[in-house]
Amino acid sequence: MSTTTSLKPVARVPLTSRLEPQQFVLYLGFAAIFLFFAVTLADDGFLTTRNLSNIVLQTAPATVMAIGLVFVLSAGEIDLSFGSIVAVSALSAAVVMQEHSLLLGVLAGLGAGVAIGWLNGMLVAYLGLPSFLVTLATMGLFAGLARSMTDLRSIPVVNEAFTGFFGSGSLFGIPSLILWTLGAVIVGHIVYRETRFGAHVVATGDNARAAQVSGIKVPRLRLTVLMLSGLCAGLAGLLYAGRLQAAKYTLGESDLMTVIAAVIVGGTALNGGKGTVIGALVGSLLMGMLNNGLILMGLSVSDQMIVRGLIILVAVAISLRDTTR
């Protein structure tokens, strides 16, 4: 008689019972920061439709990357290489589209992301190497590869169909970047909350040994979440290339802190077993709003980095405090 069990998708419960103290803090903090900027920057155009829409458009790639990171962190792993994957994916798509079709360019960009995620996953899942060290190494490896791919040159993306689909286009008046963000969030939320895979991710991050005993193929799951992170980073690279109409090795270079902050602030636990895609979306918008507001206030880049660092510190403190109760 088999002793294995299969975990079912997370059961639907009322929204009020899903919210935890950390999420209340997130939403209240978001509202408080928004009101602060709305009042102090009222004469600087913070509340204009153009500025608010720019915040959403600028955070679209970071939001997509954050969704992949939610799955990785929830499984008890970490991925530090997604910023480098963004650059490699964008450059791969741009280079291929110079000589071939739009479809091949998109496949090259997404394929590069999945391939790097597969490499990370194989080293972590089947060689037993720590994901922190593996992805730290591949972050440097592929950052160097991105620089050498085009000799530090920017590659223009002149395919109008590509730039419209992934960047400057719109459907029924809704910018394509917002549609990509909404689509990624909806799919990510459903997979995380309503599928067996999502339940297995949470169970593995909570207790990998117990998950293995219950019948979950933990190595395969770790490989899958790191490939998913690579896919999300690859898509983010296409969104950057579409919006900027060019690909360069610096794409994604400054996103590591922003994306990790968005995910942790959003309520995903650093040590696994808990996460939220919706929280990652709110966290990403919060970081985008902060960047926008601090720039309008005239703060220097160093001051902005200090503020982001403090936010991460507070979020990590709250996250670890919740998990040790």
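Each residue takes its place number in the sequence, starting with 1.
Here the OG1-CZ distance, from Thr40 to Phe46, works out to 8.0 Å after rounding to the nearest 0.5 Å. A distance of 11.0 Å separates CG of Leu286 from CG of Leu281, quoted to the nearest 0.5 Å. Distance check: Leu179 CG to Leu171 CG gives 6.0 Å after rounding to the nearest 0.5 Å. Put simply, CD1 on Ile216 and CZ on Arg196 are 10.0 Å apart, with the number rounded to the nearest 0.5 Å. Here Ile55 contributes atom CD1 and Met289 contributes atom CE; the two are 7.0 Å apart, rounded to the nearest 0.5 Å. Expressed to the nearest 0.5 Å, how far CG of Leu73 lies from CG of Leu69 amounts to 4.0 Å.
Annotation: side chain of Met139 is in contact with side chain of Ser84 (closest heavy-atom distance under 4.5 Å). Asn51 has its side chain within reach of Thr48: a pair of non-hydrogen atoms, C-beta onward, lies under 4.5 Å apart. Under the 4.5 Å side-chain criterion, counting only non-hydrogen atoms from C-beta, Thr276 is not in contact with Val70. Here the side chains of Leu141 and Leu145 are not in contact, with every heavy-atom distance at 4.5 Å or above. The closest side-chain heavy-atom distance from Val56 to Leu52 is not below 4.5 Å. The side-chain heavy atoms of Gln58 and Asn291, taken from C-beta on, include no pair separated by under 4.5 Å. Residues Met122 and Leu127 have side chains not in contact (no heavy-atom distance under 4.5 Å, counting atoms from C-beta outward). At a threshold of 4.5 Å between non-hydrogen side-chain atoms, the residues Val64 and Trp180 do not count as touching.
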Solution key, residues 233-252 side-chain donor-acceptor pairs under 3.5 Å, sequence neighbours excluded:
| residue | atom | partner | partner atom | Å |
| --- | --- | --- | --- | --- |
| Tyr240 | OH | Asp255 | OD1 | 3.2 |
| Tyr240 | OH | Asp255 | OD2 | 2.7 |

- [ ] For Val86 and Phe142, run side chain to side chain contact (heavy atoms under 4.5 Å, CB included): C-alpha distance rounded to whole Å, both residues' side-chain angles, the deciding distance at 0.1 Å, then the answer.
- [x] CA-CA 10 Å; Val86 167; Phe142 289 103; over 6 Å; no
Open item on the list: Show, in sequence, the C-alpha distance, side-chain angles and deciding distance for Val202 and Tyr192, and conclude whether the side chain to side chain contact (heavy atoms under 4.5 Å, CB included) test is met.
Closed with: CA-CA 9 Å; Val202 174; Tyr192 190 88; 3.4 Å; yes
Task: Test log, rule side chain to side chain contact (heavy atoms under 4.5 Å, CB included), inputs Leu290 and Phe37 - done: CA-CA 9 Å; Leu290 271 172; Phe37 285 141; 4.1 Å; yes
Task: Test side chain to side chain contact (heavy atoms under 4.5 Å, CB included) applied to Thr138 and Thr135, step by step - done: CA-CA 5 Å; Thr138 55; Thr135 57; 4.2 Å; yes
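Hydrophobic clustering, with ILVMFWY side chains joined whenever heavy atoms are under 4.5 angstrom apart, keeps Ile295 apart from Leu299. A continuous path of hydrophobic side-chain contacts links Leu47 to Leu285 [ILVMFWY only; heavy atoms under 4.5 Å]. Cluster membership check: Met227 shares its hydrophobic cluster with Val187, using side-chain heavy-atom separations under 4.5 Å among Ile, Leu, Val, Met, Phe, Trp and Tyr. Cluster membership check: Leu256 shares its hydrophobic cluster with Phe132, using side-chain heavy-atom separations under 4.5 Å among Ile, Leu, Val, Met, Phe, Trp and Tyr. Val96 and Val157 sit in two unconnected hydrophobic clusters of ILVMFWY residues. Membership requires side-chain heavy atoms under 4.5 Å apart, directly or through other members.
Using modelled atom types, one side-chain atom of Asn54 and one backbone atom of Arg50 make a donor-acceptor pair closer than 3.5 Å. The backbone N or O of Ala62 lies less than 3.5 Å from no partner atom in the side chain of Thr59, so there is not a single donor-acceptor pair. Between the Ser92 side chain and the Gly109 main chain, no donor and acceptor come within less than 3.5 Å of each other. Checking side-chain atoms of Ser53 against main-chain N and O of Thr49 turns up a donor-acceptor pair under 3.5 Å. Side-chain N or O atoms of Asn207 include one that pairs as donor or acceptor with a backbone N or O of Arg209 at under 3.5 Å. A donor-acceptor contact shorter than 3.5 Å is absent between the side chain of Thr150 and the backbone of Ile155.
Looking at every heavy atom in both residues, Leu102 comes nearest to Met97 through CD1-SD, 3.9 Å. Residues Gly167 and Leu177 approach most closely at O-CG, 3.7 Å, considering heavy atoms. Nearest heavy-atom pair across Ser254 and Thr258 is O-OG1, 3.8 Å. Thr268 and Ser74 get closest at one heavy-atom pair: CG2-OG, 4.0 Å. Gly173 and Pro175 make their closest contact through O-CD, 3.6 Å (heavy atoms, listed as atom of the first residue, atom of the second, distance). Closest approach of Val72 to Ser229, counting heavy atoms only: CG2-CB, 3.6 Å.
Relative ring orientation between Phe71 and Phe197 is described as parallel, the plane-to-plane angle staying below 30° on a 0-90° scale split at 30° and 60°. Under the 30°/60° scheme for interplanar angles, the aromatic rings of Phe34 and Phe30 are found to lie parallel.
Among Asp79, Leu80, Asn120, Leu226, the one residue that satisfies the side chain to side chain contact (heavy atoms under 4.5 Å, CB included) test with Val134 is Asn120.
Each salt bridge (Lys or Arg N to Asp or Glu O under 4.0 Å) pair with one or both residues in residues 82-93, not counting sequence neighbours, would appear here, but there are none.
Residue Gln98 places its CD atom among more than 12 non-hydrogen atoms of other residues, nucleotides or ligands, all under 6.0 Å distant.
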